[in-house]
Amino acid sequence: MPSPSVENVVIIGTGCAGLTAAIYTARANLNPLVLEGPLPGGQLTTTSEVENFPGFPQGIDGFQLMQNLREQATRFGARFEQALITTVDFTSMPRKLIAADRVVLAKSVIIATGASPRMTGVPGEKELYGGKGVTTCATCDGAFYRKMDVAVIGGGDSAAEEALFLTRFASKVYLVHRRNELRASKIMADRATSHEKIVCVWDSVPVAVEGVEQGAVSGLRIRHVKSGVESVLPVKGVFVAIGHLPNTQPFVPPLDVDENGYFKPLPGSQIQTKVPGVYVAGDCADHVYRQAITAAGMGCAAAIEAERWLAEHGS
Ligand code: NAP
């Protein structure tokens, strides 16, 4: 069996960071191989309108934005393949990226694996996830809840955005938050709290999603954190929007992560890891900004660093 060829640069992930790295490395004639995981296009494909990506004064659909980035990378010669990397061997050159059915060899690597939605872990959530009333994506599933009451859990920008999006379909949207003010940016918080269809349920945490026996959500049991009183919101849909967990597990060790699991780059750098020629970019390495544009910026920086590193060490 012929041994696999050694790639100049392999980019893991096809969100904003990965695709921007693909555009830059492809345009630098490095012939990058981009490995696509379980959510091609990344988190923005589950968003509706993106209003804050520079260059789109009227906003742009999240899925369309990712399609555009992909087309741009393909135009310069980036190659895309499906592969879920489960572990790596960075002890020698070339670097080894190991998937269930193959090993990919690379001189340099850009890890842009993003983050996945965090779940509350309350009883009923897992059982009723996916088509049974519990979801993490209003854009994907909101239209199924026409003229119904739904609940959104969380207090950040995602929760505010999900709640506002759901007002297009639902009769009433309960926004359940564990504190008495939203963490979301002022503009989003103001829009959500002043919307006539959104009912803010403050100081409350989910206790259970009800309806497991029937196989469909029939309510969300919540507890008021100050009084301890439990009640049930009579909803048909529960949208979990409590943040994300970085997809860094396959690379740890050898790479370092912080207490929340985000990649910890070398001091003074956002993207450089302790392994020469291996870079990180986007939400897997950024728990502070987590924006499409900052992820794209990190992807760009990682691509330029990889290009420089290959020029010096790549032959
Ligand atoms: P986030 O800002 O981390 O907010 C997570 C929310 O969930 C917080 O309100 C948190 O409560 C709550 N929470 C966390 N764990 C919980 C649990 N176990 N049970 C109940 N509630 C829990 O996450 P995000 O909203 O996904 O936003 C992530 C980043 O993306 C932010 O930087 C945000 O600005 C950005 N973003 C921007 C836009 C936009 O500009 N249009 C849209 C979406 C996201 P506490 O408040 O008490 O911590």
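Whatever order the structure lists them in is the order used to number ligands and atoms, beginning at 1.
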Note every protein N or O atom lying under 3.5 Å from an N or O atom of ligand 1, pairing the names and giving the distance.
{"unit_1": "ligand 1", "atom_1": "9 (O)", "unit_2": "Gly155", "atom_2": "N", "d": "3.0"}
{"unit_1": "ligand 1", "atom_1": "9 (O)", "unit_2": "Gly156", "atom_2": "N", "d": "3.3"}
{"unit_1": "ligand 1", "atom_1": "11 (O)", "unit_2": "Arg178", "atom_2": "NE", "d": "3.1"}
{"unit_1": "ligand 1", "atom_1": "11 (O)", "unit_2": "Arg178", "atom_2": "NH2", "d": "3.4"}
{"unit_1": "ligand 1", "atom_1": "25 (O)", "unit_2": "Asp157", "atom_2": "N", "d": "3.2"}
{"unit_1": "ligand 1", "atom_1": "25 (O)", "unit_2": "Ser158", "atom_2": "N", "d": "2.9"}
{"unit_1": "ligand 1", "atom_1": "25 (O)", "unit_2": "Ser158", "atom_2": "OG", "d": "3.1"}
{"unit_1": "ligand 1", "atom_1": "26 (O)", "unit_2": "Ser158", "atom_2": "OG", "d": "2.5"}
{"unit_1": "ligand 1", "atom_1": "34 (O)", "unit_2": "Asp157", "atom_2": "OD2", "d": "2.5"}
{"unit_1": "ligand 1", "atom_1": "40 (O)", "unit_2": "Asn52", "atom_2": "ND2", "d": "3.2"}
{"unit_1": "ligand 1", "atom_1": "41 (N)", "unit_2": "Glu161", "atom_2": "OE2", "d": "3.1"}
{"unit_1": "ligand 1", "atom_1": "46 (O)", "unit_2": "Arg179", "atom_2": "NE", "d": "3.3"}
{"unit_1": "ligand 1", "atom_1": "46 (O)", "unit_2": "Arg179", "atom_2": "NH2", "d": "2.8"}
{"unit_1": "ligand 1", "atom_1": "46 (O)", "unit_2": "Arg183", "atom_2": "NE", "d": "3.0"}
{"unit_1": "ligand 1", "atom_1": "46 (O)", "unit_2": "Arg183", "atom_2": "NH2", "d": "3.4"}
{"unit_1": "ligand 1", "atom_1": "47 (O)", "unit_2": "Arg178", "atom_2": "NE", "d": "3.0"}
{"unit_1": "ligand 1", "atom_1": "47 (O)", "unit_2": "Arg179", "atom_2": "NE", "d": "2.8"}
{"unit_1": "ligand 1", "atom_1": "48 (O)", "unit_2": "Arg178", "atom_2": "NH2", "d": "3.3"}
{"unit_1": "ligand 1", "atom_1": "48 (O)", "unit_2": "Arg183", "atom_2": "NE", "d": "3.4"}
{"unit_1": "ligand 1", "atom_1": "48 (O)", "unit_2": "Arg183", "atom_2": "NH2", "d": "2.5"}

Are the side chain of Arg95 and the backbone N or O of Phe90 linked by a donor-acceptor pair below 3.5 Å?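 Flag set: sc Arg95 to bb Phe90 pair under 3.5 Å.
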Kindly say whether Lys264 contributes a backbone atom to a donor-acceptor pair with the side chain of Asp256 at under 3.5 angstrom?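 Not a single qualifying donor-acceptor pair exists.
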Describe, in one word, how the ring planes of Tyr145 and Phe239 are oriented to each other, choosing from parallel (under 30°), tilted (30 to 60°) and perpendicular (over 60°).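 Plane angle over 60°, so perpendicular.
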Throw together a table of side-chain donor-acceptor distances under 3.5 angstrom for residues 117-128, partners on residues two or more places apart or in other chains.
{"unit_1": "Thr120", "atom_1": "OG1", "unit_2": "Val122", "atom_2": "N", "d": "3.2"}
{"unit_1": "Thr120", "atom_1": "OG1", "unit_2": "Glu125", "atom_2": "OE1", "d": "3.4"}
{"unit_1": "Thr120", "atom_1": "OG1", "unit_2": "Glu125", "atom_2": "OE2", "d": "2.7"}
{"unit_1": "Glu125", "atom_1": "OE1", "unit_2": "Thr120", "atom_2": "N", "d": "3.2"}
{"unit_1": "Glu125", "atom_1": "OE1", "unit_2": "Gly121", "atom_2": "N", "d": "2.6"}
{"unit_1": "Glu125", "atom_1": "OE2", "unit_2": "Thr120", "atom_2": "N", "d": "2.8"}
{"unit_1": "Glu127", "atom_1": "OE1", "unit_2": "Gly124", "atom_2": "N", "d": "3.1"}

Check the side chains of Asn68 and Gln64 for a donor-acceptor pair under 3.5 angstrom, ignoring hydrogens and angles.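 Their side chains do contain a donor-acceptor pair, which is all the 3.5 Å distance test asks for.
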Name of the residue among Asn247, Val88, Leu255, Leu97 meeting side chain to side chain contact (heavy atoms under 4.5 Å, CB included) with Ile111: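 Of all the options given, the one that passes is Leu255.
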